[in-house]
Structure formats: structure tokens, C-alpha cells
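Below, read A as the first sequence line, B as the second, and so on, with proteins coming before strands; counting in each chain starts at 1.
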Amino acid sequence: AQSVTQLGSHVSVSEGALVLLRCNYSSSVPPYLFWYVQYPNQGLQLLLKYTTGATLVKGINGFEAEFKKSETSFHLTKPSAHMSDAAEYFCAVSDSGGYNKLIFGAGTRLAVHP
Amino acid sequence: GAGVSQTPSNKVTEKGKYVELRCDPISGHTALYWYRQSLGQGPEFLIYFQGTGAADDSGLPNDRFFAVRPEGSVSTLKIQRTERGDSAVYLCASSLNGGGAATEAFFGQGTRLTVV
């Protein structure tokens, strides 16, 4: 069975500081990995995804994530936080099968302070 | 174009009542998913439709939950004899096709269900 663990339910950074949100997964098959962002009163929005190929994936809003098979990790980073990055972030895994059945982590709420 | 639309945005119901939650997917999207997000947790998969048929309903928690998509577009999630534990945000997503998980799923804003 697949699972996702997000380390840290709350992360707080200063504006301009590095953002690092941690995600570890468990999967018995080659995984597809995703990061979604949820702003208040909005739906989930895809930030980036890893399917195959290059293990460093770039997404929207300056975010990127690196798939590390040996560490079963897919941590999300951004070099410089903006106030507008404050939101809840979800890591998700899917098997590479025929449809988009996502297993989500519990989420990490990112706060950005001046 | 329009995104995934869910109605109502909020629903308060009494314990034991029946509720229906509606999802209008993006036009042309054949794949439709329902998820449930309880407070402080990530979304949990409930059911997947490809066209009119439920291809995977393994996430439905019990037989009080049922979903339909009779014409392959709009879907309704139905909950009978609601319980307080059913309180959550119910999310709907759609994608162009089953297409592997590489196909992006677009999420609606959800219906917040509160059972009192």
C-alpha cells in the first residue's frame, strides 16, 4: 500500500528565507509524486509533479522538488519565500497505473512572516 | 474556461438526514474523482468515475455513501443517514481521461458538510 508522510504540520519562515517542506513516501511500485497547494477558501492547485525522467522538477511560483528514490523522499523547496506563499501544502503519491488515484499526506501549513 | 464547480459550498444537516452533493466537472473531462478531507488531514480518495461508470469505489467508507454520474458529466455524491463523523469537506476533481496519474486532476473548492 502507498502512503505519504509530511514532516511538520506547521512550518514558519521569514520572508526571503528558504522554504523546505518535507515529504517521504512509501510505494511498492514506481511512484508518481505531486505537490499541491491550497490557499484559504480555494481548491487544491497542482504545484508540480514527478512522473518519469529528470528527478529535479520545477513547478509554478518558483517551487521545485527532487525525487530521491534511495531516500524515498520528494521534498519541496523555494529559495526565497514570499508572503503570498502562505498556504497549506500537500504531498501526494499515485501508482503509475491507469488513473489519478492520489494518496495525500496530512499537509503542512506554511506561515511567512515579515 | 470554467473550473470544477461544486454545490452547495456549505451544507448543514441534522444527524440521520440524507444529503446530496453535486459536482460539475470541466467540460470534456471524462474522469471524475471524489475525495473527503477531514479537519487537519489530507484528502482521502472515495471514488473514481470513467465516463458513467464507477471504475473504483474502494474508498467509500460504508454503504451509506453512494455516487452516480448518469450522463458522464455531472456527478452526485449521496450520503444516507448522516452521522456527525461524516462532517468534512468533500472535494471533487476531474481530468481529461483516466490517462495515468500524469494527467493533471483539477479540483473544485469543495462542499463543507456539517452534521449536527
Side-chain angles (χ1 to χ4, degrees), chain A residues 1-10 21 23-25 27 29-54 57 59-60 67 74 76 87-109, chain B residues 2-10 23-26 29-51 53-60 69 88-112:
Chain A
Q2 295 175 309
S3 65
V4 173
T5 301
Q6 291 185 240
L7 299 177
S9 58
H10 290 80
L21 304 183
C23 172
N24 288 88
Y25 70 90
S27 179
V29 298
Y32 286 2
L33 295 159
F34 306 78
W35 276 99
Y36 281 85
V37 61
Q38 189 173 38
Y39 298 102
N41 300 317
Q42 294 188 28
L44 289 163
Q45 180 182 4
L46 180 65
L47 272 179
L48 49 78
K49 64 184 178 186
Y50 167 78
T51 55
T52 58
V57 182
I60 62 172
F67 169 56
F74 191 58
L76 182 71
E88 185 137 27
Y89 292 79
F90 292 94
C91 181
V93 65
S94 177
D95 65 31
S96 50
Y99 58 97
N100 210 331
K101 180 178 179 179
L102 298 169
I103 308 300
F104 285 88
T108 297
R109 184 168 297 279
Chain B
V4 177
S5 176
Q6 293 188 244
T7 54
S9 55
N10 283 281
C23 173
D24 282 87
I26 294 172
H29 282 194
T30 58
L32 184 146
Y33 307 81
W34 283 98
Y35 289 81
R36 178 170 69 174
Q37 186 175 14
S38 300
L39 192 62
Q41 298 182 24
E44 295 177 286
F45 171 82
L46 294 177
I47 187 169
Y48 157 60
F49 286 91
Q50 181 56 43
D56 182 351
D57 64 357
S58 62
L60 294 177
R69 195 184 185 199
V89 177
Y90 289 82
L91 299 170
C92 179
S94 69
S95 64
L96 270 174
N97 50 46
T103 306
E104 181 176 353
F106 295 85
F107 283 80
Q109 294 185 354
T111 294
R112 182 176 299 277

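- With a 4.5 angstrom heavy-atom cutoff, B:Q37 touches chain A only via side-chain atoms.
- The distance from atom CG of A:L44 to atom CD of B:Q109, rounded to the nearest 0.5 Å, is 11.0 Å.
- B:Y35 meets the ring pair (Phe, Tyr, Trp, His ring centres under 6.0 Å) test with A:F104, B:F45, B:F107; sequence neighbours excluded.
- Annotation: the span from B:L46 atom CG to A:K101 atom NZ amounts to 10.5 Å, rounded to 0.5 Å.
- The contact between A:Y36 and chain B is made entirely by side chain atoms (from C-beta outward), counting heavy-atom distances below 4.5 Å.
- Looking at B:S58, the atoms closer than 4.5 Å to chain A (heavy atoms on both sides) all sit in the side chain, from C-beta outward.
- Within 6.0 Å of CD1 in A:I60 there are more than 12 heavy atoms belonging to other residues, nucleotides or ligands.
- Per-residue counts of heavy-atom pairs under 4.5 Å with chain B were compared for A:Q6, A:R109, A:Q42, A:Q38; the largest is that of A:Q38.
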